[in-house]
Every structure is written in structure tokens, then in C-alpha cells.
Amino acid sequence: MPTSLPLTPPRSLHRLATVLASAALLAACQQAPKSHTHPALSAQPARIDAGESVRLSWDAPIGSSLRMDRLTATPPGAVLVRPAQTTVYTLSGPAPSGAPVSTSVTVEVRPAAEPLARLRVEASPVGKPIAASFLGLEQGAGPDSARQRQLLRNLENYGGGPLVLGVKGQAAGACPAVEHLAHTESPRQALRCSAGQANASAVQTAEMLLDYAQWGAAGVDLPGPLADVPKVAPRYYGMLFFAQFAGAQGAWLAPQVESNAQIKVYAVRDARNQTLRIALINREPDRNGTVAVQIPQELREAVVTRLGNSEPLRLAGQTFDGSRDGRPIGTAYGEILEADEDGQLLLSMPAASAALLTLTP
């Protein structure tokens with residue numbers, strides 16, 4: 001007689017189907033990629049001394065379009081900032097669903113006992129505009145390649161003004177030593193001279209060009225080449241910094257500086273749109289700090305462009321390391337500073353660095 005199998009009760013079958021479906025769903029969830037519905041923002045380190053840097057990094061939902069406040073642009077994923085005082089940074093914008101998302105992090109800054117310098121800038125020009133075609137390269141400054149030509153175009157266009165860079169066909173005489181400029185009468189007629197060293201640092205080059213321009217030189221020719229594959233020469237970053245400062249051919253101002261540190265200050269004003277540009281050089285090799293900047297009443301906000309000597313070299317967050325076509329790599333950004341009720345800005349100044357403040361009415 002054939003053996004009969006026991007029948008499974010309908011309720012047991014339903015329970016078994018439910019268990020199997022749940023297990024399949026759990027397995028699918030474990031294998032599916034994780035999706036973020038809210039950005040995660042962190043600061044490393046979250047507590048610094050004035051003049052030090054902080055890396056802000058975030059993990060945002062795919063498809064989000066987020067913006068970090070206090071910056072002119074938001075690079076993807078991470079950014080370096082140098083707050084001069086305790087600051088809250090907020091990342092916000094629309095999620096892929098369209099719903100607004102926002103997250104914040106606080107960076108605590110231990111202030112210095114005293115600023116490295118106190119600076120006051122008056123709006124009235126006291127000197128002539130910076131000469132057009134100030135930047136130059138000595139004859140034989142490098143191979144005529146597509147990369148070299150792009151590097152030259154960067155200098156012509158970086159400051160948005162009529163700076164012209166070209167290989168000079170006739171060698172210029174040597175510039176006076178920078179340390180003697182304060183005791184040397186400025187030229188009464190156009191004087192183009194040759195200066196700089198091929199191994200000069202980025203900040204040294206920026207400072208040298210600012211000194212000769214303020215002294216009254218018609219132009220300075222620097223040694224080439226601009227690039228030594230795969231890197232671009234450090235002095236090229238200093239030339240770009242100067243181009244941003246001088247691109248609009250602003251007229252010189254006379255800033256008043258009180259300092260017990262090696263802080264140098266240069267300021268110009270553009271007669272066309274009244275934009276004020278202030279370049280600061282911290283020549284201290286190992287002294288970080290802040291600079292208190294008193295600005296004219298009609299100006300309330302400044303954009304900071306930074307240049308240092310540490311590797312990898314960056315200007316406004318961009319680098320030329322690894323660039324094969326002469327164009328900068330990365331998103332250009334500046335930090336936004338707001339004046340307090342008394343019209344004072346507090347600027348973080350790392351050791352051996354340069355900062356450019358751009359203030360537009």
C-alpha cells in the first residue's frame with residue numbers, strides 16, 4: 001500500500017511564504033548600494049589656533065547640488081579653510097527629491113593674544129596706476145608648446161585686465177636690489193628691468209613683483225621656463241597672484257600698518273568700478289596669526305585668495321601639478337569675510353604665505 005505524505009496546513013504554507021519573502025527582501029537590501037538622504041559634514045581638526053587650516057569634508061546624496069556658505073564656490077567633497085575666529089560652516093541646497101537639506105559644523109579657533117598686524121586702508125589713491133604689460137619673460141624663456149602658450153594666456157587673463165606677457169626680444173638691465181628700493185628714487189621714465197631667480201618660491205616671487213610695481217618700474221622680466229614637466233615652476237604661482245592683484249591696473253593707495261611682525265601690505269583701487277585690492281605677505285617663517293583690517297565704510301565684504309609655499313602648491317584652491325594642457329586643476333574658490341559693525345575684517349595669516357583681499361562695492 002503506497003505511503004501517503006502528510007498534508008501541510010494552509011496556515012503553515014502562508015507562514016512559510018512570508019518567511020521566504022522576508023529573507024529575500026533582506027538579502028536584496030544588503031546587496032543594494034547605500035543611499036544617503038542627508039549630507040554628512042565634518043571638520044578636521046575641529047579646533048585650531050589662528051592661522052592654521054581646517055579640512056571640511058562631506059558626503060552628500062547623489063544628485064544633490066549643495067553649496068558651502070562663506071565660500072565663493074563649493075569644490076566637490078572637501079575644501080581647506082582658514083577661519084580667523086570661531087566659525088559655523090553650513091552646507092545646504094536641494095536634495096535629489098527637491099527637498100531642502102542643510103547641515104552645519106563649528107570650527108573653534110583659539111585666538112592669538114594680539115594680531116600680527118593692524119591695518120587701515122583709505123580709499124583715496126596716492127600713486128599712479130600699475131603699468132600695463134608689467135609682467136614679462138626673458139628671451140628664450142621656454143619652448144613654444146601648446147602647454148606653454150596656455151600658461152601665458154593664464155597670466156594675460158587671470159586678473160581680468162590688460163596684462164600682456166611675451167618673450168622679450170631685447171634683454172633688460174638688472175633691477176635694483178629689492179632691499180635697496182626704499183632708499184632708491186623711483187624711476188622718472190619708463191624702466192623695464194630683469195629680476196628673479198629660476199628657483200624662487202611662489203611667495204618670494206609675488207612679493208618681489210609687488211615691490212617693483214610699487215616702486216614704479218614699468219615692467220619686470222623673469223627667467224624661464226615656466227614649467228619643468230610634470231610640474232609648473234613655483235614662481236609661476238607668484239606671477240598669477242600678482243596678475244590678480246594688478247590685472248585691473250589699479251592706482252596705488254597708502255595703507256597704514258602697525259605691526260611687530262614681518263607683515264608687508266600693498267593696496268590699489270580700480271578707478272572703473274572702485275574695487276579695492278589688498279595684498280598681504282607674512283614673511284615670518286614660523287609665525288601664524290591674524291591681521292585686523294579696517295576698511296572704508298562703503299565696503300563690507302572681502303574675498304580672500306590664498307597662496308603658500310607648502311606642497312602641493314595651490315592658488316585659490318587650484319594647482320597646476322599634473323596639468324598637461326597648462327590649465328589649472330580643481331575648483332577655484334575664495335573665502336568670504338564680512339566686516340563687523342566697526343568696519344573691521346579679521347584675516348587669518350599663516351606663516352610664509354600671501355593673501356589677496358578683493359573688496360567690491
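Note that this is a predicted model, so its numbers are computed, not measured.
Residues satisfying the salt bridge (charged side-chain N to carboxylate O under 4.0 Å, His left out) test with Glu179, not counting sequence neighbours, are none. With sequence neighbours excluded, the residues forming a side chain to side chain donor-acceptor pair (under 3.5 Å) with Asp211 are Lys264, Tyr266, listed by chain and number. When the side-chain contact (heavy atoms from CB on, under 4.5 Å) test is applied to Gln44, no partner is found at least two apart in sequence or on another chain. Every side chain to side chain donor-acceptor pair (under 3.5 Å) that Glu185 has, sequence neighbours left out, goes to Arg188. Evaluation of the side chain to side chain donor-acceptor pair (under 3.5 Å) rule for Ser42 yields Ser57 as partners, not counting sequence neighbours. Residues forming a side-chain contact (heavy atoms from CB on, under 4.5 Å) with Ala217 (at least two apart in sequence, or on another chain): Phe134, Tyr212, Trp215. With sequence neighbours excluded, the residues forming a side-chain contact (heavy atoms from CB on, under 4.5 Å) with Thr72 are Val303, Tyr333, Ile336, listed by chain and number. Asp342 meets the side-chain contact (heavy atoms from CB on, under 4.5 Å) test with Asp340; sequence neighbours excluded. Contacts of Arg314 classified as side chain to side chain donor-acceptor pair (under 3.5 Å), with partners at least two apart in sequence or in another chain: none.
For Arg153 and Gln150, the side-chain atoms include at least one donor-acceptor pair closer than 3.5 Å.
Listed by first then second residue, pairs satisfying side-chain hydrogen bond (donor to acceptor under 3.5 Å, both in side chains) with a partner in residues 81-106 read Thr90-Ser104, not counting sequence neighbours. Residue pairs meeting the side-chain hydrogen bond (donor to acceptor under 3.5 Å, both in side chains) criterion with at least one partner in residues 282-296, sequence neighbours excluded, are Glu207-Arg283, Asn260-Arg287, Gln262-Arg283. Within the structure, side-chain hydrogen bond (donor to acceptor under 3.5 Å, both in side chains) pairs that include any residue of residues 112-125 comprise Glu114-Arg118 (at least two apart or interchain).
More than 12 heavy atoms of other shown residues, nucleotides or ligands fall within 6.0 angstrom of atom CZ in Arg67.
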